[in-house]
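What follows is one structure encoded as structure tokens, with my remarks underneath.
The figures that follow rest on heavy atoms only: side chains count, while hydrogens, waters and symmetry mates do not.
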Amino acid sequence: MQTPNRLPDDSGEKGLGSAPESNAKPTLNFIQEIIAKDLKSGKYDGRVHTRFPPEPNGYLHIGHAKSICLNFGLAAEHEGGLCNLRFDDTNPIKEEDEYVKSIIEDIRWLGFDWEDRLFYASGYFEQMYQYAVRLIELGKAYVCDLNAEQTRECRGTLTKPGKDSPYRNRSVKENLDLFERMRAGEFPDGLRTLRAGIDMTSPNLNMRDPVIYRILHAAHHRTGDKWCIYPMYDWAHGLEDSIEGITHSICTLEFENHRPLYDWFLEQLGVYHPQQIEFARLELTYTVMSKRKLLELVKEGYVGGWGDPRMPTISGLRRRGYTPESIRNFCRGIGMAKFNSVIDIARLEHSLRDDLNKRSPRVMGVLRPLRVVIDNYPEGQVEELDAVNNPEDPSAGTRKVPFSRVLYIEREDFREDPPRKFFRLAPGREVRLRYAYFVTCVDVVKDARTGEVVELHCTYDPATRGGDSPDGRKVKGTIHWVSAAHALTAEVRMYDHLFTKENPGEVEEGADFKANLNPNSMERITSCRVEPSVAGATPGSRYQFERNGYFCVDPDSSAETLVFNRTVGLRDSWGKIEKKLQQKKR
RNA sequence: UACCCGGUGGUGUAAUUGGUAACACACCAGGUUUUGGUCCUGGUAUUUCAGGUUCAAGUCCUGACCGGGUAGCCA
């Protein structure tokens, strides 16, 4: 018994309608409209049954997430709706079991469930073969002895019609015999093909007697050596959809020209006929989204693998610290169109921050430590100060943070010669140490040789314990800190866009997208200090390091060394001001 | 030069299907704030062009222009 797909319970769920991250009335995108119409007319007996059909030849990326959310979402928003997971594994040369595993893991992680409906195109190979036999018997398919090059020559061009293959008029009997012998392995790779007999003069190249079976003596990751002929996409895909009783077969735009063929096969065979609908694939600024290019980055070692935190893959985003919710919200918000568009990656980062802000416990962590001694604080004294865990969520409670005489603050929170609008620490200036005391910088210690600031001396005002001044005195800045004696040492990996250009494909003559790789897409900082409350944090745990950004514990982390990935920074308005000030100077 | 698809602010999508062009992101300005975060308020800016139908056109018609896809025994 099959039960409906359920969409994970996102707050503020409004269905897949475009745009409405807010309270806007839910509007239907063009696919939802088609489904609504079909439901009304009873076209598929009121059923909605979609499928997500990845080829296991690479890892899933954020573009796939759009399709996954679409297909599973469509099923979830209709009573009794179903969505299958189906591996489109018709090309053994490119496909591997490793990819199958990762795809399953990624879709699960995204929060979707196909229950018992996990299918493989390879599971239908026998049926597809029988359908091909039927097409031959119908006189609509023939075995062709042309090789690949000859086939291409015969096909004609975009502007010139093709010519009929000399083997087009073989008898049904001969075709049946030859096709059976193709299957039996009598011929080497490429010697013959089975082609549909349609129309070599069609303006749609896909209709010019497309190949539907090729000979490939290759082991398949699921069927092993059982087959040496494999179906082509156009033949296989519609049959897969038909066999599974799919109602709406959603694919990307480049298959638009294939729809006539999709329809033709099912019509000739007289079998159940789903409807193919095309939508625009997702593109993002500052990254690439083709499996081919991602594979290239992996194989040539530009990144650490498919799951490198800089990759737009699901596994990369996961390791980086993205939440499934943020990805789903993003996918819901970007809408659905019939033309290619490029979405600003800032939008993905926005849904990330939006989600992380609500759920991340706050913690203090210093990325680039600067030693501070509080001269008038008693040596050896330690105070446990109260800190709020999450201002967005009172139920998260508070924790104790140790304070002592020697602290670390962020190097960039001190300027010996502070520019205008710099509200942080400087000689003679008073700031608040978050949840602790007001401190005033009284001395700056520099390295005699390099002139580098190595230590600060401050005095604190005991009356400001907790961060409030009883006399109503105001400070412009509040900075984070850790107690030197209590802090944990950590490694932090900072990430930036993988490419320096919005459109990585925009390159000089002769160069390719890799010329736009960002040489600074990762920076490793090794002697960071974080407050002791994060001790023992396990991989995947997420925090906001106050004023710094969102971080998550990397799998490389161990009991000895904590390793964090910076998932995304906080919005940085001081950074913008500073940039502007610098531009004015020039 | 063939066929198919498509053009709404800087970006991505809406527009009760012929009736005041709206929402989000980004950007800018201000307010709140023990995170220069969050939150709140305000602002800039849009129907590719030319005709036509209509009381009324982003929406319908015609033409132009621009963009994308297609010549794998890949999917």
Side-chain angles (χ1 to χ4, degrees), chain A residues 17-25 27 29 33 53-55 57 88 90-91 93-95 144 146-148 151-152 155-162 189-195 202-206 208 210-216 230 232-234 236-237 251-260 278 280 285 291-292 333-344 346-351 353-354 357-358 362 364 387-388 391-392 421-424 432-436 466-469 475-480 544-549 569-578:
Chain A
S18 3
E21 269 175 45
S22 66
N23 52 3
K25 51 190 171 227
T27 61
N29 64 47
E33 267 172 20
E55 183 190 11
N57 68 342
D88 207 0
T90 57
N91 185 1
I93 292 171
K94 291 187 177 172
E95 296 151 7
C144 180
L146 260 25
N147 64 30
T151 305
R152 193 179 328 120
R155 187 157 33 227
T157 68
L158 294 175
T159 48
K160 284 193 201 75
D189 288 1
L191 191 74
R192 294 187 221 267
T193 57
L194 183 70
R195 299 176 66 182
S202 170
N204 183 341
L205 294 259
N206 295 123
R208 320 241 261 229
V211 170
I212 60 181
Y213 268 94
R214 77 278 212 187
I215 301 173
L216 226 49
Y230 291 94
M232 298 288 292
Y233 170 86
D234 287 307
H237 205 89
C251 61
T252 45
L253 250 27
E254 68 271 26
F255 292 104
E256 229 162 358
N257 293 326
H258 293 244
R259 185 163 13 105
E278 309 86 13
T285 55
K291 279 198 237 176
R292 198 208 90 226
I334 53 178
M336 217 47 75
K338 267 181 280 196
F339 58 92
N340 289 301
S341 53
V342 184
I343 288 170
D344 193 337
R347 189 155 177 154
L348 176 61
E349 292 168 345
H350 173 263
S351 27
R353 290 194 187 100
D354 193 45
N357 176 50
K358 285 179 250 166
R362 271 60 170 175
M364 290 196 283
V388 173
E392 303 296 313
K421 292 187 180 171
F422 182 85
F423 302 147
R424 286 112 95 144
R432 172 166 39 232
L433 295 179
R434 179 137 232 230
Y435 299 128
D468 284 310
S469 56
V475 286
K476 291 279 261 196
T478 300
I479 64 175
H480 60 278
Q544 184 196 104
F545 289 4
E546 292 213 22
R547 305 208 306 132
N548 264 325
L570 257 24
R571 281 187 65 212
D572 181 14
S573 34
W574 163 244
K576 280 183 198 166
I577 294 170
E578 194 178 26

Separation of Lys358(A) NZ from Glu392(A) CD (nearest 0.5 Å): 9.5 Å
Opposite nucleotide pairing with U32(B), Watson-Crick or G-U, both atom distances under 3.5 Å: none
Sugar-phosphate only, base, or nothing, as touched by Glu546(A) at under 4.0 Å among non-hydrogen atoms: base
Nearest-Å distance once atom P is located in both C61(B) and U54(B): 16 Å
Thr157(A) side chain near A2(B) phosphate (N/O to OP1/OP2, under 4.0 Å): no
Heavy-atom donor-acceptor pair, Arg571(A) side-chain to U38(B) base, under 3.5 Å: no
Presence of Lys576(A) side-chain N/O under 4.0 Å of C27(B) phosphate oxygens OP1/OP2: yes
Presence of donor-acceptor pair under 3.5 Å, side chain of Gln544(A) and base of U35(B): yes
Side-chain donor/acceptor of Arg547(A) to base of G36(B), under 3.5 Å: no
CG on Asn91(A) to CG on Asn57(A), rounded to 0.5 Å: 8.0 Å
Donor-acceptor pair under 3.5 Å, Glu578(A) side chain vs G36(B) base: no
Same-atom distance (P) from A2(B) to G63(B), integer angstrom: 15 Å
Same-atom distance (C1') from C66(B) to A24(B), integer angstrom: 27 Å
Any side-chain heavy-atom pair of Thr193(A) and Met232(A) under 4.5 Å: no
Side-chain touch Ile577(A)/Phe422(A), heavy atoms, less than 4.5 angstrom: no
C27(B) to A45(B) separation - C1' atoms, rounded to the nearest Å: 11 Å
Between G31(B) and C23(B) - P atom distance, rounded Å: 24 Å
Touch class at under 4.0 angstrom, heavy-atom based, for Asn147(A) against every strand present: base
side-chain N/O Ser573(A) vs G37(B) OP1/OP2, d < 4.0 Å: yes
Sugar-phosphate, base or nothing in reach of His258(A), heavy atoms under 4.0 Å: base
Touch class at under 4.0 angstrom, heavy-atom based, for Phe545(A) against every strand present: nothing
Chi-angle category of G72(B) [syn within 90° of 0, anti beyond]: syn
5′-ward residue of the pair Arg353(A)/Thr159(A) relative to RNA chain B: Thr159(A)
Arg155(A) side-chain N/O to C73(B) phosphate OP1/OP2 under 4.0 Å: yes
Whole angstrom value for the distance that separates P of U32(B) from CD of Glu392(A): 19 Å
Watson-Crick or G-U counterpart of U70(B), or none if no pair lies under 3.5 Å: A2(B)
Leu570(A) CG - G37(B) P separation (whole Å): 8 Å
d(CG, Asp572(A); C1', U35(B)) in whole Å: 12 Å
Separation between the C1' atoms of G68(B) and U48(B), rounded to whole Å: 16 Å
Syn/anti label of U62(B) as read from its glycosidic torsion, with the cut at 90° from 0: anti
Phosphate contact (C4(B) OP1 or OP2) by Arg259(A) side-chain N/O below 4.0 Å: no
Pair partner, G43(B) [Watson-Crick or wobble, under 3.5 Å]: C27(B)
Sugar-phosphate, base or nothing in reach of Ile343(A), heavy atoms under 4.0 Å: sugar-phosphate
Side-chain N,O (Ser351(A)) to OP1/OP2 (C25(B)) below 4.0 Å: no
Nucleotide of A15(B), G36(B), C25(B) approaching Thr27(A) most closely (side-chain heavy atoms): A15(B)
Sugar-phosphate only, base, or nothing, as touched by Arg432(A) at under 4.0 Å among non-hydrogen atoms: base
side-chain N/O Arg214(A) vs A75(B) OP1/OP2, d < 4.0 Å: yes
Spacing between Arg292(A) atom CZ and C74(B) atom P, to the nearest angstrom: 17 Å
Centroid under 5.5 Å and tilt under 30°, Phe339(A) to G6(B): no
Short side-chain N/O contact to U35(B) OP1/OP2 from His480(A), under 4.0 Å: no
Identity of whatever pairs with A21(B) - Watson-Crick or G-U, under 3.5 angstrom: none
Separation between the P atoms of A15(B) and C55(B), rounded to whole Å: 27 Å
Atom C1', compared across A21(B) and G58(B): separation rounded to whole Å: 8 Å
Atom-pair distance (CD on Glu33(A); P on U59(B)), nearest Å: 17 Å
